[in-house]
Number of protein chains: 2
Amino acid sequence: MNRIFFDNAATTSMDNEVLQTMMPFLTEKFGNPSSIYSYGRETKMAIESARKNVAKILNAHPAEIFFTSGGTESNNTAITASVRDLGCKHIITSQIEHHAVTHAVEHIAKQFQIKVSYVNLKPNGHIDIVHLEKLLIESKEKALVSLMHANNEIGNIMDWHIVGNICKKYNAIFHSDTVQTVGHFPIDLRNTPVHFITGAAHKFHGPKGVGLLYINENVRINPFIFGGGQERNMRAGTENLYGIVGFSKALELATKNHDADKNHILEVKKYFYDQLKLNIKGVDFNGDVWGQCLYTVLSVSFPKTEKSEMLLFNLDINNICASGGSACASGTEAGSHVIRVINYNPNQITVRFSFCKHNNKEEVDVVIQKLKEVL
Amino acid sequence: MNRIFFDNAATTSMDNEVLQTMMPFLTEKFGNPSSIYSYGRETKMAIESARKNVAKILNAHPAEIFFTSGGTESNNTAITASVRDLGCKHIITSQIEHHAVTHAVEHIAKQFQIKVSYVNLKPNGHIDIVHLEKLLIESKEKALVSLMHANNEIGNIMDWHIVGNICKKYNAIFHSDTVQTVGHFPIDLRNTPVHFITGAAHKFHGPKGVGLLYINENVRINPFIFGGGQERNMRAGTENLYGIVGFSKALELATKNHDADKNHILEVKKYFYDQLKLNIKGVDFNGDVWGQCLYTVLSVSFPKTEKSEMLLFNLDINNICASGGSACASGTEAGSHVIRVINYNPNQITVRFSFCKHNNKEEVDVVIQKLKEVL
């Protein structure tokens, strides 16, 4: 029985072309990029070439692109630096951020004894822009606004131009967790009013263990991890060479095929949505499904029954992968903090299905069939 | 012309067996280890099996082993946590630590406004134990002692049982940067009085971008990177799955072949030393070369001349890789902070040669010949 992987917001399979690009650096090209001899220079060049490539795709300067160990480290760096180095004494965020943001915010707020405000959310999960501006108007101190570009559980995409311009107006630092949009959404940083964005290669068919941090050239921060002079003194530690090369290649492929992939995935999502409505009684959807939303994510709520409470388990037995929320929070008993905040209905069980270019309608048919059997 | 790689303290080539162990996780086994379905459980199991394997080799509990993005992050975590969570208000360290320690110490000391003391060094580069005890006796506050197990530039190995027992006596936290000894030295953590040790797989023929942090079960700290519940809530971020699997395999191979590899490398080092003395006028050596010292490292000082000042450059032209000091500090114009402290002679040029199991005496002959030509 073939596995059906409908959990691509958690992680994706690595493209073979990405792996092939990494292979020389996993074998013969192993020099430490900080070494000054030819063996080191060739790997240093590979990293700088990856940086240029990523910068070009995101329309940023290479000097604004930093490689880290992943999205979580990148988010921690941006939040820490905004408070520690940029004078932010008030954090404005939302209750539906990824834990990499919420827990970092909680820690930094406690450590620096600063205030955290949460922007109101609309029933469809979008942030209340009027409330955001109100919070900024009332803020007596310089603020850090940390709001994710696209939500990893319901898929909602924020209009970051509107948010960024409001931040600008009130001299706030704007950090956006873009882990779900880098590689899935055309990003043009030169024309986006944002100070920090973040990414993780494994969300777009690249390797795990490598991330992106964009730092706008107008802000100057200190490192989060101290040590050697790697990443132009901004992120110490011997570089994850293959990871960086893989990040660049994966982003390149994702960008090159973006339109075709998007259209294909959107069709799968639409078909799944239609089939769910047609076949599953009482099915419901979270977020701005057909509005400003990721084409990759569909958050589905089923009426709560003894059977639906065992849904993920039964899908797993049938080799179907989906999740109750963020993978990073799986295994905890608390359930999804996102669903709890925007659409808490104790009589519903929510499952996130998330798609990639490898999924198709035949898989949807199998999943619908299994859902009908199980529920 | 074959490349001669005599810079194995900077990084090593990855063993093919390690890469083969990683390959399934770079291809079909890509599930997010935090996901609860079978696809995630199989990768979670791989990580937990790696943890058990590493714990067994180092004679620790699996619950004391944490995987990070590298030695630098591990050192930053231990130092940050000791001050932030364990009440250390005085850091005792040395001036010959790796920058991952010195720069992290400087940052934390500044942030928490605490005192840093530097233990005296003997002419051979070993720390002055009497002075260490004096510093601890005089310390009015709980201290963190951060002293590396083996120095990456001169190879000196500290007796960490003596140091650890002194720390115990004065209720100090003991962190030891073991990046140069994990995989090269038999470590028995159950019988070593240390709270934190660190490691990096790429120093012993494993992958870059993955590190080890050992936290003794008797200390409880908070994370350094906040977010998801990975690594039992101690290190957030989707795991570098292949890296972790590779770390474990590389450590396993290094341990299995330790005695044979050590004997072989020691012979290469001894032969190189003898040939240098025989062939290069005025040659000198740094550290406790034939005492308590890594078999992998030989720090050589040449009389300063116009020619020796261009030595690394000329070795590189001849496809010979060696370094002026730590790779992490290469490219900076400051020179080695280690050599400057223990044996500063403005009339000498110092080069670190460091060996691995793949090196041999024939390579030494070539290097000696080139040195004679160049100098």
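Each chain gets a letter, A, B and so on, in the order the sequences are listed, and its residues count up from 1.
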Classify the side-chain pair B:Tyr37/A:Asp7 by whether it contains a donor and acceptor separated by less than 3.5 Å. yes
Of the backbone (N, CA, C, O) and the side chain (C-beta and beyond), which part of A:Phe112 lies under 4.5 Å from a heavy atom of chain B, both, or neither? side chain
Which portion of A:Leu26 sits near chain B, non-hydrogen atoms under 4.5 angstrom: both
Under 4.5 Å from any heavy atom of chain A, what part of B:Glu28 do you find: side chain, backbone, both or neither? neither
Which bit of B:Tyr242 is near chain A, if near means a heavy-atom gap under 4.5 Å: side chain, backbone, both or neither? side chain
Minimal non-hydrogen separation, B:Ile225 against A:Phe224, with atom names: CG1-CE2, 3.8 Å
Chain A shares the most heavy-atom pairs under 4.5 Å, among B:Cys321, B:Pro33, B:Gly40, with B:Cys321
Residues that B:Arg41 engages under salt bridge (charged side-chain N to carboxylate O under 4.0 Å, His left out), provided they are two or more places apart: A:Asp316
Please name the pair of heavy atoms, one in B:Gly227 and one in A:His103, separated by the smallest distance, quoted to 0.1 Å. O-ND1, 2.9 Å
Which portion of B:Thr12 sits near chain A, non-hydrogen atoms under 4.5 angstrom: backbone
Side chain to side chain donor-acceptor pair (under 3.5 Å) filter on B:Thr27, not counting sequence neighbours, yields none
Passing candidate, side chain to side chain contact (heavy atoms under 4.5 Å, CB included) with B:Lys208, options A:Thr43, A:Ile244, A:Thr238: A:Thr238
Once rounded to the nearest 0.5 Å, what's the spacing between atom OH of A:Tyr39 and atom CD1 of B:Ile4? 11.5 Å
In terms of heavy-atom pairs under 4.5 Å with chain B, the winner among A:Gly243, A:Pro207, A:Gly246 is A:Pro207
Provide the closest heavy-atom pair for B:Gly228 versus A:His99 in the form atom of the first, atom of the second, distance. N-CB, 4.1 Å
Considering all heavy atoms, the nearest B:Gly31-A:Thr11 contact: C-CG2, 3.9 Å
With only heavy atoms counted, which part of B:Asn76 is less than 4.5 Å from chain A, the side chain, the backbone, both or neither? side chain
A:Ala322, part contacting chain B, at a heavy-atom distance under 4.5 Å: backbone
Flag the one option from A:Glu106, A:Lys29, A:Met14, A:Met22 with the top tally of heavy-atom pairs under 4.5 Å to chain B. A:Met14
Under 4.5 Å heavy-atom distance to chain B, tell me which part of A:Leu19 shows up: side chain, backbone, both or neither. side chain
In Å and rounded to the nearest 0.5 Å, what is the NZ to CG distance from B:Lys203 to A:Asn32? 6.0 Å
Min side-chain heavy-atom separation B:Ser38-A:Asn319 under 4.5 Å: yes
Taking atom types as modelled, find out whether B:Arg235 and A:Ser69 have a side-chain donor-acceptor pair closer than 3.5 angstrom. yes
Which atoms of A:Phe5 come close to chain B, meaning under 4.5 Å heavy atom to heavy atom: side chain ones, backbone ones, both, or neither? side chain
Please tell me if the side chains of A:Asn240 and B:Val210 come closer than 4.5 Å, counting only heavy atoms from C-beta onward. no
